[in-house]
Amino acid sequence: YNKVIYFFVTRYFMDLEFLQCRAKIIQTLRNFFIERDYLELDTPALAKNLIPETCLEVFETTYLQPKNNKTEKFPLYLVPSPEIYIKPLIAQHHISVFQLSKCYRNYESTGKNHSPEFTMLEYYTMHKNYLDSLKLTEELITKAIETCCDFFQLEKEAFSYILPPY
């Protein structure tokens, strides 16, 4: 198990070319949403409570809080998704938001496509319908593909199987 994780961490996540491309894509995603007046969020990675998810196992930790010469213990959880913080915010303020965040899911298989720790893009668009969301998603994927193609000097047609329209 440790050899598998070490291989994927060193090959995919610590490879300089991979890190440079990932940084370009993240900057592209941020610019994409900021240019469209979305507010970027940075929610906590730990939560006292989580949204119940029967299909997800979460990581639990214990927070040790010093208080009056004693130590109080509180359970905390690494969030599997930032939605626990995002949904109340958009319900109250009715604004379009996005976040690129680290998420954690226990009992995940490990490999090139799965990891117990991963980066998730979560975004919510207010005052639009599903057709607007579809168009936005198509534009977002196209922009990310263009960034990859520019970085690796590839033709966009190399990704024709995932290009819009959907």
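Just the heavy atoms: all of them, side chains too, but no hydrogens, waters or symmetry mates, feed the values below. In this chain, numbering begins with 1 at the start of the sequence shown.
A 4.5 Å side-chain heavy-atom check between Leu78 and Thr61 finds every atom pair outside the cut-off. Residues Arg30 and Glu40 have side chains in contact (heavy-atom distance under 4.5 Å, counting atoms from C-beta outward). Using a 4.5 Å heavy-atom threshold, the side chains of Pro80 and Tyr104 count as separate. Between Met120 and Pro82, some side-chain heavy-atom pair lies under the 4.5 Å cut-off. Using a 4.5 Å heavy-atom threshold, the side chains of Asn106 and Val58 count as separate.
Taking NE2 from His94 and CG from Leu89, the interatomic distance works out to 10.5 Å, rounded to the nearest 0.5 Å. Rounded to the nearest 0.5 Å, atoms NZ (Lys73) and CD (Gln65) are 13.5 Å apart. With values rounded to the nearest 0.5 angstrom, Gln20 atom CD is found 9.0 Å from Phe152 atom CZ. In this structure, Asn49 CG and Ile84 CD1 are separated by 6.5 Å, a value rounded to the nearest 0.5 Å. Taking CG of Leu46 as the reference point, atom CD of Glu60 lies at 11.5 Å (rounded to 0.5 Å). Interatomic distance, Arg22 CZ to Cys148 SG, rounded to the nearest 0.5 Å: 12.0 Å.
Under the 4.5 Å side-chain contact rule for hydrophobic residues, Ile34 and Val97 do not share a cluster. One hydrophobic cluster, built from ILVMFWY side chains closer than 4.5 Å, holds both Ile25 and Leu121. Under the 4.5 Å side-chain heavy-atom criterion for Ile, Leu, Val, Met, Phe, Trp and Tyr, Leu140 and Tyr161 are members of distinct hydrophobic clusters. By the rule that hydrophobic residues join a cluster once side-chain heavy atoms approach within less than 4.5 Å of another member, Ile145 and Phe151 end up as members of one cluster. With hydrophobic clusters built from ILVMFWY side chains whose heavy atoms lie under 4.5 angstrom apart, Leu100 shares a cluster with Phe32.
The closest donor-acceptor contact from the side chain of Thr71 to the backbone of Lys67 lies at 3.5 Å or more, if one exists at all. One N or O on the side chain of Ser96 and one on the backbone of Met126 form a donor-acceptor pair closer than 3.5 Å. Proximity of a side-chain donor or acceptor of Asn129 to a complementary backbone N or O of Leu131 within less than 3.5 Å is detected. Here the side chain of Glu72 pairs no donor or acceptor atom with the backbone of Pro66 at under 3.5 angstrom. Listed for the Arg105 side chain is no donor-acceptor partner under 3.5 Å among the backbone atoms of Pro116.
Side-chain contact of Ser81 with Glu122: a donor-acceptor pair under 3.5 Å is present, judged by distance alone. Inspection of the Ser133 and Tyr124 side chains reveals no N or O donor paired with an N or O acceptor under 3.5 Å. A side-chain donor from one of Thr119 and Lys102 sits under 3.5 Å from a side-chain acceptor of the other.
Between Tyr38 and Phe33, the ring-plane angle classifies as perpendicular under the 30° and 60° cut-offs.
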Worked check of side-chain hydrogen bond (donor to acceptor under 3.5 Å, both in side chains) between Tyr85 and Ser101: CA-CA 12 Å; Tyr85 294 111; Ser101 62; over 6 Å; no

Full working for side-chain hydrogen bond (donor to acceptor under 3.5 Å, both in side chains) between Arg36 and Thr125: CA-CA 10 Å; Arg36 288 160 180 78; Thr125 306; over 6 Å; no

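Looking at Glu139 and Lys143, no side-chain N of the basic residue comes within less than 4.0 Å of a carboxylate O on the acidic one, giving no salt bridge.
Heavy atoms of other residues, nucleotides or ligands lying less than 6.0 angstrom from OH of Tyr130 number 12 at most.
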